[in-house]
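What follows is a single structure, written as structure tokens, with notes after it.
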Amino acid sequence: MTSAAHEHGLAEFQYLSNRTLSIDDRVYDYLLSVSLKEPDLLRQLREETAGIEFSEMQIAPEQGQFMALLVKLTGAKRALEIGTFTGYSSICIANALAGDGELVCCDDSAEWTAIAKKYWQLTGLQDRIDFRLGDARTTLQAFIDAGQTESFDFIFIDADKQNYPLYYEQSFKLLRKGGIMAVDNTLWSGDVADPANTEPGTRAIRRFNDMVRQDARVEISLVPIGDGLTLIYKPDA
């Protein structure tokens, strides 16, 4: 290598980072422009959801695409979603399932999930989705009581934060060995890193993050995508 090339190489090396890149609007727009492949119906769903109350509960489109890729990479055939809202994540997951896979969706809002049902029909996924209206804790316990432990390949949790620990423990029983659980909102808009923030939701997420970090039964990675997505792997052994 010539001296000039060596200097150029060092200059390039200085731009490499050993920590996650901060995403401002310019970088975020570029990220979407080179990676997001969002179907028109999902875009329409996002636009419709943007007009309703609590629209901020909608997951980011790049997160939906990321989870779909996870489902495909793991070959998941049976999945569980706790917290469906208007259906964006359910469509991403159900469409990525292998073969004649099935997604069980749990939510307690008939109003919000009416939108989800409309888009399940429009995307042709209605036959892949088993919707359970009501308290997810009751639904999950019914699966456990029916002997369906370790029968799900992929589980997504995105519901009321105070119940995250219980959803997690129930889901751990239902997740097969070698399966993956994904838990949303674990960075909570960055509020979890602010010691002065003692809001109930913030404290709940902090407790959950600490609990999972200390759980020797699993392997984890908190991915800074969307509002923070914790991936939890249940080892084979």
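Values below: all heavy atoms of this structure, side chains included; hydrogens, waters and symmetry mates excluded.
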(request) Step by step, work out the side chain to side chain donor-acceptor pair (under 3.5 Å) result for Y28 and E62. (result) CA-CA 10 Å; Y28 180 66; E62 69 273 18; 3.0 Å; yes
(message) Nearest 0.5 angstrom please: D107 CG to T84 OG1, how far?
(response) 5.0 Å
(message) If I take atom OG1 from residue T86 and atom CD from residue E111, how far apart are they, to the nearest 0.5 angstrom?
(response) 11.0 Å
(message) Can you give me the closest heavy-atom contact between G83 and A159, atom names plus distance?
(response) CA-CB, 4.2 Å
(message) Can a donor-acceptor pair be found, under 3.5 Å and without considering hydrogens, that links the side chain of E219 to the backbone of P235?
(response) no
(request) Might you point out which heavy atoms bring E199 and N197 nearest each other, and give the distance in Å? (result) N-OD1, 3.1 Å
(message) Could you walk me through whether D210 and Q214 satisfy the side chain to side chain donor-acceptor pair (under 3.5 Å) test, starting with their C-alpha distance in whole Å, then the side-chain angles of each, then the deciding distance to 0.1 Å, before giving a yes or no?
(response) CA-CA 6 Å; D210 290 341; Q214 297 173 33; 5.4 Å; no
(message) Using modelled atom types and a 3.5 Å cut-off, is there a donor and acceptor pairing between side-chain atoms of D24 and backbone atoms of R26?
(response) yes
(message) Would you compute the distance between atom OH of Y168 and atom CD1 of I232 and round it to the nearest 0.5 angstrom?
(response) 5.0 Å
(message) For a 4.5 angstrom cut-off between non-hydrogen side-chain atoms, does P61 reach Y88?
(response) yes
(message) Whether K77 and D100 form a salt bridge (side-chain N of Lys/Arg under 4.0 Å from carboxylate O of Asp/Glu) is what I want to check.
(response) yes
(request) Report the distance from atom CH2 of W120 to atom SG of C105, rounding to the nearest 0.5 Å. (result) 4.5 Å
(message) Check whether D153 reaches the backbone of A79 with its side chain - one donor and one acceptor, N or O, closer than 3.5 Å.
(response) no
(message) In the structure I gave you, are the side-chain heavy atoms of S90 and L125 within less than 4.5 Å of one another anywhere?
(response) no
(message) For a side chain to side chain contact (heavy atoms under 4.5 Å, CB included) check, start with the C-alpha distance between V71 and C92, then their side-chain angles and the critical distance, and finish with the verdict.
(response) CA-CA 9 Å; V71 170; C92 293; over 6 Å; no
(request) Could you pull out the closest heavy-atom pair between I82 and S171, with the gap in Å? (result) CD1-OG, 3.4 Å
(request) From the options L140, V183, D158, select the one residue that forms a side chain to side chain contact (heavy atoms under 4.5 Å, CB included) with Y167. (result) L140
(message) Using every non-hydrogen atom in the two residues, find where S89 and M67 come nearest and quote the distance to one decimal.
(response) CB-CE, 4.0 Å
(message) Distance check, rounded to the nearest 0.5 Å: F154 atom CZ versus M181 atom CE?
(response) 10.5 Å
(request) Please report the closest heavy-atom contact between L229 and A182, naming both atoms and the distance. (result) CD1-CB, 4.0 Å
(request) Spell out, as yes or no, whether a donor-acceptor pair under 3.5 Å connects the side chain of K234 to the backbone of R176. (result) no
(request) To the nearest 0.5 Å, tell me how far Q63 CD sits from D227 CG. (result) 8.5 Å
(request) May I ask you to decide whether R128 forms a salt bridge with E81, counting only side-chain N to carboxylate O separations under 4.0 Å? (result) no
(message) K161 and side chain to side chain contact (heavy atoms under 4.5 Å, CB included): which single residue from T186, N185, T202 fits?
(response) N185
(request) Please report the C-alpha distance between T74 and Y233 in whole Å, then the side-chain angles of each, then the deciding distance to 0.1 Å, and finally whether the side chain to side chain contact (heavy atoms under 4.5 Å, CB included) criterion is met. (result) CA-CA 11 Å; T74 57; Y233 174 70; over 6 Å; no
(request) Mark yes or no for whether S55, through its side chain, and G51, through its backbone, hold a donor-acceptor pair below 3.5 Å. (result) no
(message) Could you see if V192 belongs to whatever hydrophobic cluster contains M57? Use Ile, Leu, Val, Met, Phe, Trp, Tyr and a side-chain cutoff under 4.5 Å.
(response) no
(message) With a 4.5 Å cut-off on side-chain heavy atoms, are D160 and D108 touching?
(response) no
(message) Assigning hydrophobic clusters by single linkage (Ile, Leu, Val, Met, Phe, Trp, Tyr; side-chain heavy-atom cutoff under 4.5 Å), is I180 placed with L174?
(response) no
(request) Decide, yes or no, whether a salt bridge links E47 with R43 under the criterion of side-chain N to carboxylate O below 4.0 Å. (result) yes
(request) Please check if Y164 and L187 belong to a single hydrophobic cluster, counting links between Ile, Leu, Val, Met, Phe, Trp and Tyr side chain heavy atoms closer than 4.5 Å. (result) no
(request) Find out if a path of hydrophobic residues (ILVMFWY) with successive side-chain heavy-atom gaps under 4.5 Å connects I225 to I93. (result) yes
(message) Using only atom types and a distance under 3.5 Å, with no angle test, would you say the side chain of E38 pairs donor to acceptor with the backbone of G64?
(response) no
(request) Answer yes or no: does atom NZ of K173 have more than 12 heavy-atom neighbours from other residues, nucleotides or ligands under 6.0 Å? (result) no
(message) Taking the side chain as everything from C-beta on, heavy atoms only, tell me whether L231 gets closer than 4.5 Å to L70.
(response) yes
(request) List the atom of G226, the atom of A60, and the distance in Å for their closest heavy-atom pair. (result) CA-CB, 4.3 Å
(message) Quick check on the hydrophobic clustering: are L41 and I59 connected, directly or via other members, by side-chain heavy-atom contacts under 4.5 Å?
(response) yes
